[in-house]
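Contents: one structure, followed by commentary.
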Amino acid sequence: MRLLSSVAMGRTPITKENFMRSSIRGIVIGAGTMGTNLARLMFRNGMTVTVLDINPDVLAQCHQALQSESNDQQVRFVNDWAEVGECEVVVESVTEDLTLKQRVLKEAEHYVDDATLILTNTSGLPIDELAEVLVRPERFLGAHFFNPADLIPAVEVIPGRLTSANCVEQTIDLLRQLGKRPAVLKQSVPGFVANRIQHALMRECLALLEQGVVGAEALDEIVRYSIGIRLAINGPLRQRDLNGLDTHLNISRYLYRDLDNRATPSSLLEELVAQGHLGRKSGRGFHEWPDDNGETYDRQERALLEGLLALMTDEHN
Ligand SMILES: NC(=O)c1ccc[n+]([C@@H]2O[C@H](COP(=O)([O-])OP(=O)(O)OC[C@H]3O[C@@H](n4cnc5c(N)ncnc54)[C@H](O)[C@@H]3O)[C@@H](O)[C@H]2O)c1
């Protein structure tokens, strides 16, 4: 028996028809980088969205970013739970902090129906620790989107120990209606899958920069036009199958002892952050980001992503 039958609870079932009727209502908590694109993803796919943020400036920026393509019926912007109303799904996307997220999730649970799906977009905080504060953890799980959330297809779905099978199924249905490619993890580990891989890659990149083996321009160039482009097409494991596992084993035997295995952040990264070089938002990170560069770069990156995704959808469905 389905533990959380939306029909039995009088909620709108997450079906294609209800998406088309704009009957699926979502709340996005946190109107920042991710929240803005999550709201965009939802209303573009027929959902009715309420965006909640405690910071009025961020809420206004989010409104400004979305107003040219949405109307007041599609997206509402509020700074208080009292204004939120009923919904089928909550996506929590506030600042990455365990205590804050626990507080926000508890608050969400207080205001929404017992059967409403509650998803967290944490980048890697333990799902079971987040669930500890909930009275009904069976309808809660991790749905880790990638930036920009309206474009990048993958979503890591991370059930906690107490998440019901029905909640996982409903989340997968929802994500598919949003045009996503959900991939379910068998257990929750810190950083999930993508951030573990991303950080392993970055640990080695930073070590190579620190040791003076290569500069930032050349490193990006090598990764983009070699492993980057092939990873996008094949993924790491299919790529190894193509190369031959015996060859991979031979290389592993001499290379692993030389790879960076520090358990603390790189000193180069610590220094850059201490000097205020935070990347594009401060004008300098590994690369220089002149003031006028941001929007042009965003437009170009979006166009490239859309082109690449269109090609991949044709080739690899
Ligand atoms: N930025 C990324 O690339 C990325 C990718 C995947 C997942 N994430 C995750 O998504 C979440 C949000 O990240 P972001 O980059 O959008 O951060 P952000 O700082 O841009 O936005 C976070 C927002 O949460 C709001 N907030 C804080 N406390 C709140 C509260 N009590 N109620 C309502 N709103 C509150 C803040 O005002 C802020 O606008 C984090 O968990 C992050 O780890 C980020």
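Ligands are counted one by one from 1 in listed order, and the atoms in each one are counted from 1 as well. When a residue number appears, it is its place in the shown sequence, counting from 1.
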Identity and distance of the protein heavy atom lying nearest atom 32 (N) of ligand 1: Ile54 CG2, 3.7 Å
Output yes when a protein non-hydrogen atom is found under 4.0 Å of atom 24 (O) of ligand 1, and no otherwise. yes
Atom 37 (O) of ligand 1 [closest protein heavy-atom partner, distance rounded to 0.1 Å]: Asp53 OD1, 2.7 Å
In plain terms, say whether Lys101 and Glu129 are close enough for a salt bridge, that is, a side-chain N and a carboxylate O under 4.0 Å apart. no
Identity and distance of the protein heavy atom lying nearest atom 11 (C) of ligand 1: Val94 O, 3.4 Å
Distance, nearest 0.5 Å, that separates OG1 of Thr296 from CD of Gln300: 6.5 Å
Does some side-chain heavy atom of Phe140 sit less than 4.5 Å from a side-chain heavy atom of Ile127? yes
Less than 4.0 Å from atom 19 (O) of ligand 1, is there any heavy atom belonging to the protein? no
Out of all atoms in ligand 1, which are within 4.0 Å of some heavy atom of Val58? Include the element for each. 39 (O)
Among Ala149, Ser123, Ala108, closest by heavy atom to atom 42 (C) of ligand 1 is Ser123
NZ/NE/NH1/NH2 to OD/OE distance under 4.0 Å, Glu109 and Arg136: no
Report yes if His144 has an N/O atom closer than 3.5 Å to an N/O atom of ligand 1; otherwise report no. no
Report yes if Glu107 has an N/O atom closer than 3.5 Å to an N/O atom of ligand 1; otherwise report no. no
Is it the case that atom CZ in Arg161 sees more than 12 heavy atoms from other parts of the structure closer than 6.0 Å? no
Starting from atom 12 (C) of ligand 1, what is the nearest protein heavy atom, named by residue and atom, and what distance separates them? Ser93 O, 3.2 Å
How close does the nearest protein non-hydrogen atom get to atom 44 (C) of ligand 1, and which residue and atom is it? Met34 CG, 3.3 Å
Any idea which protein heavy atom is nearest atom 41 (O) of ligand 1, and the distance to it? Glu96 OE1, 2.5 Å
Closest to atom 31 (N) of ligand 1 (judged by heavy-atom distance), picking from Val104, Asn55, Asn195: Val104
Within the supplied structure, the quantity of interest is the number of heavy atoms (other residues, nucleotides, ligands) at a distance under 6.0 Å from Asp80 CG; does it exceed 12? yes
Using a strict cut-off of 4.0 Å, indicate which atoms of ligand 1 neighbour a heavy atom of Lys101. 40 (C), 41 (O)
With atoms numbered from 1 as shown, which atoms in ligand 1 lie under 4.0 angstrom from a non-hydrogen atom of Thr95? 22 (C), 24 (O), 27 (C)
When you measure from the heavy atoms of Glu92 to every atom of ligand 1, does any distance fall below 4.0 Å? no
Residue-level breakdown please: for Leu100 versus ligand 1, do any non-hydrogen atoms fall below 4.0 Å on the side chain, on the backbone, on both, or on neither? side chain
Polar-atom distance check: Phe145 versus ligand 1, any N or O pair below 3.5 Å? no
Minimum side-chain heavy-atom gap Arg139-Thr116 below 4.5 Å: yes
Walk me through whether Asn18 and Thr15 qualify under side-chain hydrogen bond (donor to acceptor under 3.5 Å, both in side chains). CA-CA 5 Å; Asn18 285 330; Thr15 61; 3.2 Å; yes
At what distance is the nearest protein heavy atom to atom 17 (O) of ligand 1, and which residue and atom is it? Thr33 N, 4.7 Å
Could you tell me whether Glu69 and Arg44 have a side-chain N and a carboxylate O separated by less than 4.0 Å? yes
Looking at Gln64, I want to see if its CD is surrounded by more than 12 non-hydrogen atoms of other residues, nucleotides or ligands under 6.0 Å. no
Does a sphere of radius 6.0 Å around CZ in Arg203 hold more than 12 heavy atoms from other residues, nucleotides or ligands, not counting ones at 6.0 Å or beyond? yes
For atom 21 (O) of ligand 1, what is the closest protein heavy atom, and at what distance to 0.1 Å? Gly32 CA, 3.4 Å
For the atom pair CG (Asp246) and CD1 (Ile251), what is the distance rounded to the nearest 0.5 Å? 10.0 Å
On a heavy-atom basis, I'd like to know which of Asn147, Ile29, Asn121 is closest to atom 10 (O) of ligand 1. Asn121
Does this structure show an ion pair linking Asp298 with Arg280, if we count only N-O contacts that are shorter than 4.0 Å? yes
